[in-house]
Amino acid sequence: LAEDPELTPVERFSSCVAGGGQGNLLLMFDTSGSLADTDPDAGRVTAATATMTRLAAKLADVPDSTVDVAVSGFSTGFATSLGWTALSTQSAPTINAAIEAYADRDRDVDTDYWSAMDGARRAFSERIATQENPCNLLMWFSDGEFNLNVRDNDSKLQRWGGLKPWAPDNKLANRAQVTQALEAGRSDLCRPGGLADQLRSLDVATIGLGLAVDLEPSAFDLMRGITTGSASCGQITQPTPGEFIMASDVDDLIFAFITALDPVTEPTTT
């Protein structure tokens, strides 16, 4: 990415792409069950598809600029639903169809930030291994704080993803064990050299989009820290690794998605 400290993370990504770099944009969606209540009309999907359509049209006007998009989700773990696909006006419907599939993905347990960040780290690491000038951007959406559910029997433990990699001896069998696992996960995310730093060391700019309907903004402190380097989360904090955007309702979220990759052009209101 461009290293001008005066540029925002998105501007660094855009400058890198405009300069002939290979753009890599990973969209990552929370699929936890709370979304059925916080975003019942799938505004996150409407927002993301509008953003991709808009970005594809802009790329068509910028010769030699390429951005590949991948789509993934996270809850108990991380899963890619669409591999890296070159974004264009022709491919935008295919990419948007992959995004639209998340309209009904709101029934999972957990909001596992550790698995989300580890999945993003692996996706970018594999992606840039053979690229000379990668330009990397992660956009991730969540409506809740880092949370795990109690597995009060072995069947739930296996059905909900088994043991957590950062706490391999913790069976999450009661609330006390869940609290211990969450504390260990936060530590591994934000320690010097932890997952947040590992993602930043790959030169990945990050946009975090938080939908706060029933939660206080403070519930997103960890997500904000992972994204921006605030609250002593990580050691690599310059240039600013990312931007966190809080939305109080779905209309705000749609606006945030559309403007995040195009902060100059005013959105058309419909």
Quiz item: Sequence neighbours excluded, which residues qualify as side chain to side chain donor-acceptor pair (under 3.5 Å) partners of Asn96?
Solution: Thr53
Self-check item: side chain to side chain donor-acceptor pair (under 3.5 Å) partners for Gln90, two or more places apart
Solution: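 Only Ser88 meet the side chain to side chain donor-acceptor pair (under 3.5 Å) criterion with Gln90.
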Backbone of [Y] reached by a side-chain donor or acceptor of [X] within 3.5 Å:
X      : Y      : result
Ser187 : Glu183 : no
Arg151 : Trp160 : yes
Tyr102 : Gly73  : yes
Gln177 : Leu172 : yes
Ser32  : Thr111 : no
Gln22  : Gln131 : no
Trp166 : Ala181 : yes
Asp41  : Gly43  : no
Thr8   : Glu11  : yes
Arg200 : Ile236 : yes

How about [X] and [Y]: do any of their side-chain heavy atoms sit closer than 4.5 Å?
X      : Y      : value
Val109 : Ser75  : no
Thr66  : Val17  : no
Leu55  : Leu25  : yes
Trp140 : Thr206 : yes
Asn24  : Ile128 : yes
Val71  : Phe29  : yes
Phe141 : Leu211 : yes
Pro134 : Asp203 : no

Minimal non-hydrogen separation, [X] against [Y], with atom names:
X      : Y      : value
Arg191 : Asp197 : O-OD2, 4.0 Å
Gly229 : Thr237 : O-CG2, 3.7 Å
Leu59  : Ser65  : CD2-CB, 4.0 Å
Ile226 : Tyr113 : CD1-CD1, 4.1 Å
Thr228 : Gly242 : CG2-O, 3.6 Å
Thr76  : Ser115 : O-OG, 3.8 Å

Answer with yes or no whether the hydrophobic clustering places [X] together with [Y]; edges join I, L, V, M, F, W, Y residues whose side-chain heavy atoms lie under 4.5 Å apart.
X      : Y      : result
Leu138 : Leu202 : yes
Leu148 : Leu163 : no
Phe78  : Met117 : yes

Self-check item: Distance-only polar pair, side chains of Ser155 and Arg159, donor-acceptor under 3.5 Å
Solution: yes
Exercise. Could you list the residues that satisfy salt bridge (charged side-chain N to carboxylate O under 4.0 Å, His left out) with Arg122, not counting sequence neighbours?
Key: Asp118
Exercise. Verify the neighbour count for atom CG of Asp154: are there more than 12 heavy atoms of other residues, nucleotides or ligands below 6.0 Å?
Key: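 Not more than 12 within 6.0 Å, no.
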Exercise. Among Asp143, Asp39, Asp30, find the residue that satisfies the salt bridge (Lys or Arg N to Asp or Glu O under 4.0 Å) test when tested with Arg44.
Key: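 Testing Arg44 for a salt bridge (Lys or Arg N to Asp or Glu O under 4.0 Å) against Asp143, Asp39, Asp30 leaves exactly one candidate, Asp39.
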Quiz item: How many angstroms lie between atom CD1 of Ile207 and atom CG of Leu209, to the nearest 0.5 angstrom?
Solution: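 The CD1 atom of Ile207 sits 6.5 Å away from the CG atom of Leu209.
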Quiz item: Could you state the interatomic distance from CG (Leu222) to CD (Glu145), rounded to the nearest 0.5 Å?
Solution: 9.0 Å
Self-check item: side chain to side chain contact (heavy atoms under 4.5 Å, CB included) partner of Lys164, chosen from Asp188, Leu182, Asn170, Asp110
Solution: Asp110
Quiz item: Can you list the steps and then say if Leu137 with Leu26 is a side-chain contact (heavy atoms from CB on, under 4.5 Å)?
Solution: CA-CA 6 Å; Leu137 181 64; Leu26 176 61; over 6 Å; no
Quiz prompt | Intermediate values then yes/no, salt bridge (Lys or Arg N to Asp or Glu O under 4.0 Å), Arg224 and Asp221 | solution = CA-CA 5 Å; Arg224 182 182 291 104; Asp221 284 351; 3.0 Å; yes
Quiz prompt | CA sep, side-chain torsions, deciding dist, call: Arg127, Asp68, salt bridge (Lys or Arg N to Asp or Glu O under 4.0 Å) | solution = CA-CA 10 Å; Arg127 176 65 176 166; Asp68 288 2; 2.3 Å; yes
Quiz item: When you check the gap from the basic side-chain N to the acidic O, do Asp108 and Arg105 get nearer than 4.0 Å?
Solution: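 Answer for the salt bridge query: no.
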Self-check item: Between Phe74 and Trp114, ring centroids under 6.0 Å
Solution: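 No, they do not, as the ring centres are separated by 6.0 Å or more.
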Self-check item: Test log, rule side-chain contact (heavy atoms from CB on, under 4.5 Å), inputs Val69 and Leu27
Solution: CA-CA 7 Å; Val69 177; Leu27 298 174; 4.2 Å; yes
